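Note that these values count all heavy atoms, side chains included, but never hydrogens, waters or copies made by symmetry. Just so it is clear, the structure is predicted and the values come from calculations on it, not from any experiment.
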Amino acid sequence: DGVVSKVEYNRLIGNYILITHPGDVQSLYGHLSIIAVLPDEQVMAGQAIGITGISGSVTGEHLHFSIKYQGRELSPLAFLTGLFVKPP
């Protein structure tokens, strides 16, 4: 869960969304074709926030996903692995 901090365009990552989460964590979603949220909007984990695309500097459609903690880039894999674990 978090709050949408930015909905902007950047020449490299195209249309993007920056979400601020509790604990000084930020997630960024770039190269979007459609953005479905607004700045200052409260969002919940699992909520659709946009659709991938080819905006910005890309050679094909994909999603740029990054995580920052206290301004430092972290591997997003650490945050995605829980999605694939089945409950007992």
Of all heavy-atom pairs linking Pro22 and Asp1, the shortest is CD-O, 3.6 Å
For His31 and Thr52, which I'm curious about, is there any donor-acceptor pair between the side chains at under 3.5 Å? no
Please report the interatomic distance CD1(Ile13) to NE2(His64), rounded to the nearest 0.5 Å. 5.5 Å
Could you walk me through whether Gln47 and Glu41 pass side-chain contact (heavy atoms from CB on, under 4.5 Å), step by step? CA-CA 12 Å; Gln47 176 182 339; Glu41 185 174 337; 3.7 Å; yes
For a side-chain contact (heavy atoms from CB on, under 4.5 Å) check, start with the C-alpha distance between Val37 and Val43, then their side-chain angles and the critical distance, and finish with the verdict. CA-CA 8 Å; Val37 293; Val43 293; 3.9 Å; yes
Work out which heavy atom in His21 is nearest to a heavy atom in Ser27; give both atom names and the distance. NE2-OG, 2.7 Å
Please check this pair: side chain of Asn15 against backbone of Leu32, looking for a donor-acceptor N/O pair closer than 3.5 Å. yes
Run Glu73 and Ser66 through side-chain contact (heavy atoms from CB on, under 4.5 Å) and show every step you take. CA-CA 7 Å; Glu73 294 276 345; Ser66 63; 3.7 Å; yes
Name all residues meeting the ring pair (Phe, Tyr, Trp, His ring centres under 6.0 Å) criterion together with Tyr29; count only those two or more places apart in sequence or in a different chain, and write none if there are none. Phe65
Could you grab the distance from atom CD of Gln26 to atom CZ of Arg72, nearest 0.5 Å is fine? 14.0 Å
Atom CG of Leu28 and atom NZ of Lys6: how far apart are they, to the nearest 0.5 Å? 9.0 Å
Residues Tyr69 and Leu74: closest non-hydrogen pair is CB-CD1, 3.4 Å
To the nearest 0.5 Å, atom CG of Leu18 lies from atom CG of Asn10 at 11.5 Å
How close do Ala36 and Ala48 get, counting heavy atoms only, and between which atoms? CB-O, 4.4 Å
When rounded to the nearest 0.5 angstrom, what distance separates CG in Asp40 from OG in Ser5? 8.0 Å
Minimum heavy-atom separation for Leu63 and Gly30, please, with both atom names. CD1-O, 3.6 Å
Transitive ILVMFWY cluster of Ile54, excluding itself - 4.5 Å side-chain cut-off: Val58
Going from CD1 on Ile49 to CG on Leu38, what distance comes out if it is rounded to the nearest 0.5 angstrom? 12.5 Å
